[in-house]
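First up is the structure itself, then whatever we jot down about it.
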Amino acid sequence: MRVLFIFLDGIGLGENNSETNPFVLAKMPNLNRLLDGRSLLKEAAPFHGEHATLLAVDPAVGVSGLPQSATGQAILMTGINIPAELGYHYGPKPNPEVAAYLKEATLFSRFAKGGKKAALLNAYPPRYFHGIDSGKRLYSSIPLSVINAGLPLFRHDDLFAGRALSADFTGEGWRTMLGYLDAPVMEPPHAGQTLGTLAREYDFALFEYWASDYAGHKQEMDDAIRLMETFDGVLGGLTEMWDDGLILITSDHGNMEDLSTRKHTDADVPALVIGEKTAREEFTRGMSDLTHIALAIWRAVMQ
């Protein structure tokens, strides 16, 4: 079974509070439709509908302290309770102890060895690779998992050729933030359709949306609402054309759902699964914390 994993960085299931939670105010009709009128809030989970399943998943995995990005994403890539083995949560980028897990044990490495096609669908600009090569930037857990598996990270040429998407889905950031005035730009529904088309070429495809975590740390309600409404447009385009396999949307820790703080939160994160009902039931059976995500993906793709 094909799985498309959309990773929304720093998204927890928060309270129904319009002063702190952008999910209360954001207009997200496509998500609401999937959840039979519900929003992405703590009170909405668990939900088992005709088109989607929503669970609340524990990112702390039994370890004290607030969940962090490097270890949270490493759990998602491996299914290993890395904070429990190390005794701490860590982030934002992997230290050597976390990085040691992101080799043969990741989904990307295991799928590559198992003869399955896997890819990270983000396109990275030249300055990203310049930062890596100069030592001024470190890989985060997800791209580190990709390169350790011997798989390529998509680049500038891949974006322009339509083989990958920009980190903001639409490509607008390549023009406004990176200065590529000729970069392809799409409306959110078109970006969602493109994401689905690209994912069909792989057994396992992942897209990383990190802007949500940035908005949470900045505590900017208007930005957070705008980002989530853009994502909802992407989701609408994607679900209109998706008819084969499962879509998984989850996160590594809470953050943007509570803009009263710049820090991460202790909230459960959503595990939103879209697709055929029986397949969703099997995929989500027993799922209660981040360590269960990778195993569910592995079983679905390898069955």
Side-chain angles (χ1 to χ4, degrees), residues 5-26 28 31 39-42 44-45 54-61 63 65-77 82-83 88-94 98 120-122 137-145 165-169 173 177 206-232 234-235 248-272 289-291 293-294:
F5 179 2
I6 302 176
F7 171 67
L8 297 184
D9 197 344
I11 295 291
L13 289 170
E15 303 294 338
N16 190 349
N17 183 342
S18 61
E19 294 184 0
T20 59
N21 191 346
F23 285 100
V24 177
L25 299 175
M28 303 183 71
L31 179 66
S39 297
L40 204 62
L41 301 172
K42 179 179 179 180
L54 175 65
L55 300 180
V57 174
D58 174 23
V61 293
V63 177
L66 294 176
Q68 300 297 324
S69 298
T71 43
Q73 293 167 32
I75 297 171
L76 289 169
M77 291 294 94
I82 296 168
Y88 57 86
H89 299 284
Y90 189 82
K93 303 296 177 67
V98 175
L120 175 60
L121 297 178
N122 294 67
R137 179 191 292 269
L138 296 174
Y139 287 116
S140 57
S141 291
I142 291 174
L144 183 59
S145 299
L165 291 177
S166 71
D168 63 353
F169 288 111
M177 298 178 66
L206 191 153
F207 183 86
E208 181 179 9
Y209 190 60
W210 47 259
S212 46
D213 192 49
Y214 274 60
H217 286 302
K218 292 190 298 182
Q219 297 176 279
E220 294 187 0
M221 179 67 77
D222 289 345
D223 278 356
I225 291 172
R226 176 181 56 81
L227 291 173
M228 289 301 98
E229 290 181 347
T230 295
F231 170 69
D232 189 70
V234 172
L235 186 62
L248 164 69
I249 301 168
T250 192
S251 190
D252 52 351
H253 55 74
N255 181 2
M256 200 187 78
E257 82 288 350
D258 183 0
L259 297 182
S260 69
T261 176
R262 291 183 180 273
K263 297 181 179 180
H264 295 174
T265 71
D266 60 1
D268 286 345
V269 299
L272 176 63
D289 66 41
L290 285 193
T291 65
I293 300 289

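The first residue in the sequence is number 1, and the count goes up from there.
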If you measure from [atom1] on [X] to [atom2] on [Y], what distance do you get to the nearest 0.5 Å?
X	Y	atom1	atom2	result
Ser212	Phe7	OG	CZ	7.5 Å
Ile249	Ile6	CD1	CD1	4.5 Å
Asp252	His89	CG	NE2	11.5 Å

Residues in side chain to side chain contact (heavy atoms under 4.5 Å, CB included) contact with [X], at least two apart in sequence or another chain:
X	answer
Asp168	Ser166, Thr170, Glu172
Asn16	Val24, Leu41, Glu43
Asp268	Ala56, Asp58, Pro59

Ring pair (Phe, Tyr, Trp, His ring centres under 6.0 Å) partners for [X], two or more places apart:
X	result
Phe5	none
Phe207	Phe169
Tyr214	Trp210

Can you name the side chain to side chain donor-acceptor pair (under 3.5 Å) partners of [X], sequence neighbours left out?
X	value
His253	Ser69, His264
Ser18	none
Asn255	Asp213, His217
Gln219	Arg262

Listed partners of Arg137 passing salt bridge (charged side-chain N to carboxylate O under 4.0 Å, His left out), at least two apart: none
Which residues pass the salt bridge (charged side-chain N to carboxylate O under 4.0 Å, His left out) test with Glu15, sequence neighbours left out?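 Counting only residues at least two positions away or on another chain, Glu15 forms a salt bridge (charged side-chain N to carboxylate O under 4.0 Å, His left out) with Lys42.
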Below 4.5 Å, heavy atoms only, C-beta onward: do Thr265 and Leu66 meet side chain to side chain?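 Counting from C-beta outward, Thr265 and Leu66 never come under 4.5 Å.
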